[in-house]
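What you see is a predicted model; the values in this text were computed from it and never measured.
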Amino acid sequence: MTQVTMTVNGKSVSGEVEGRTLLVDFLREDLRLTGTHVGCDTSQCGACVVHVNGNAIKSCTALAADLDGADVRTIEGMANADGSLSVIQQAFQDHHGLQCGFCTPGMVMSAAALLKENAKPSEGEIRAHLEGNICRCTGYHNIVKAIMAASGQDVSSIAAE
C-alpha cells in the first residue's frame with residue numbers, strides 16, 4: 001500500500017492505495033466522488049475525464065499513486081462557490097446537452113478544458129475536441145450547441161434537435 005495525498009476540488013485528501021489503483025477508483029470508492037463515471041474500462045468513452053494539474057485526463061488511465069501531490073478537479077468541483085451551476089453546466093441544462101446523463105460529467109470536464117484553450121471554438125473545433133467522448137443518446141448536436149453557448153456565442157440560429 002502507498003500513502004497518497006492530493007488536492008481534490010480544493011481540499012487536501014489522503015489515503016492508502018494499492019499500486020494498481022486507478023484515479024477513477026480512488027475518487028469513486030475512497031473519496032465517494034461518484035460523479036466521475038466508469039463507462040468502458042478501456043479509456044475510449046471519456047466518461048471519466050477529470051482535470052489534473054489543469055489538464056484534462058481520463059482518470060481510468062492514471063494511477064492514483066502516481067498523482068501524489070497533484071491538484072485534481074472533478075465534476076463535483078465545477079459548481080460555483082455558492083453551489084449554483086457553472087456556466088458550462090448551466091449551458092448543458094439550458095440547451096438540452098444531456099439525456100441519460102451518464103456521459104455528461106466527462107463532456108462538461110472536456111468542454112471546460114477546450115474553453116480554457118480556445119475561448120470561442122467553432123462547431124468543428126468542438127466536435128474534434130470531443131472525439132474522445134462517447135454519447136450514446138444525444139447525437140452530440142445539443143452538446144455542441146451548449147458548449148458554443150457557454151463560450152458566449154450566439155446559438156439562437158441553431159435549431160434544436
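Counting all heavy atoms, side chain and backbone alike, Ser151 lies closest to Ala119 at CB-O, 3.1 Å. Across every non-hydrogen atom of Phe102 and Gly39, the tightest pair is CE2-CA, 3.7 Å. Between Thr5 and Ser14, the shortest heavy-atom distance links the atoms OG1-OG, 2.8 Å. Nearest heavy atoms, His96 versus Asn142: O-CB, 3.2 Å. Residues Ala65 and Thr2 share a closest heavy-atom pair of CB-CG2, 4.3 Å. Residues Ala112 and Met78 come closest through the heavy atom pair CB-CE, 3.8 Å.
Both Ile75 and Met107 are members of a single hydrophobic cluster when ILVMFWY side chains are connected at heavy-atom separations under 4.5 Å. Transitive grouping of hydrophobic side chains (ILVMFWY, heavy atoms separated by less than 4.5 Å) brings Ile126 and Met109 into a common cluster. Put simply, Leu22 and Leu67 are part of two different groups of oily side chains (I, L, V, M, F, W, Y) that touch within less than 4.5 Å, one to the next. The same ILVMFWY cluster, assembled from side-chain heavy atoms under 4.5 Å apart, contains both Val155 and Ile88. Taken together through direct or relayed side-chain contacts under 4.5 Å among Ile, Leu, Val, Met, Phe, Trp and Tyr, Ile57 and Leu63 form parts of separate hydrophobic clusters.
The salt bridge (Lys or Arg N to Asp or Glu O under 4.0 Å) check on Glu125 picks up nothing, with sequence neighbours excluded. Take Arg32 and apply the salt bridge (Lys or Arg N to Asp or Glu O under 4.0 Å) test, not counting sequence neighbours, and it matches no residue.
Checking side-chain atoms of Lys120 against main-chain N and O of Met148 turns up no donor-acceptor pair under 3.5 Å. Within the 3.5 Å criterion, the main-chain N or O of Val4 finds no donor-acceptor partner in the side chain of Asp68. Judged by distance alone, the side chain of Arg28 and the main-chain N or O of Thr36 form a donor-acceptor pair under 3.5 Å. Between the side chain of Gln89 and the backbone N or O of Ser86, at least one donor-acceptor pair lies under 3.5 Å. For Glu123 (side chain) and Val144 (main-chain N/O), no donor-acceptor pair under 3.5 Å exists by modelled atom type. The backbone N or O of Gly106 lies less than 3.5 Å from a partner atom in the side chain of Ser110, making a donor-acceptor pair.
With salt bridges taken as basic N to acidic carboxylate O contacts below 4.0 Å, none links Arg127 and Glu131.
Within the structure, side-chain hydrogen bond (donor to acceptor under 3.5 Å, both in side chains) pairs that include any residue of residues 51-61 do not occur (at least two apart or interchain).
Using a 4.5 Å heavy-atom cutoff, the side chains of Ile143 and Cys135 are in contact. Using a 4.5 Å cut-off on side-chain heavy atoms (C-beta onward), Val52 and Leu23 make contact. Side-chain contact between Pro121 and His129 is absent, with no heavy-atom pair separated by less than 4.5 Å. Here the side chains of Phe26 and Met6 are in contact, with some heavy-atom distance below 4.5 Å. Side-chain atoms of Ile147 and Leu115, non-hydrogen and from C-beta on, do get closer than 4.5 Å to each other. With a 4.5 Å cut-off on side-chain heavy atoms, His37 and Cys48 do not count as touching. Using a 4.5 Å heavy-atom threshold, the side chains of Tyr140 and Lys145 count as separate.
Within the model, atoms CZ of Phe92 and OG1 of Thr104 stand 6.5 Å from one another, a figure rounded to the nearest 0.5 Å.
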Side chain to side chain contact (heavy atoms under 4.5 Å, CB included) assessment of Asn9 paired with Thr74: CA-CA 7 Å; Asn9 299 328; Thr74 69; 2.8 Å; yes
- request: Please step through side chain to side chain contact (heavy atoms under 4.5 Å, CB included) for the pair Val13 and Asp30, ending with a clear verdict.
  value: CA-CA 10 Å; Val13 298; Asp30 295 11; over 6 Å; no
- request: With side chain to side chain contact (heavy atoms under 4.5 Å, CB included) as the test, would you mind laying out the steps for Val17 and Met1 before giving the verdict?
  value: CA-CA 5 Å; Val17 297; Met1 299 292 278; 5.7 Å; no
- request: May I have the step-by-step check of side chain to side chain contact (heavy atoms under 4.5 Å, CB included) for Asn133 and Gln44, ending in yes or no?
  value: CA-CA 7 Å; Asn133 295 75; Gln44 295 178 25; over 6 Å; no
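Inspection of the Glu18 and Thr21 side chains reveals no N or O donor paired with an N or O acceptor under 3.5 Å. A donor-acceptor pair shorter than 3.5 Å cannot be found between the side chains of Thr7 and Asp71.
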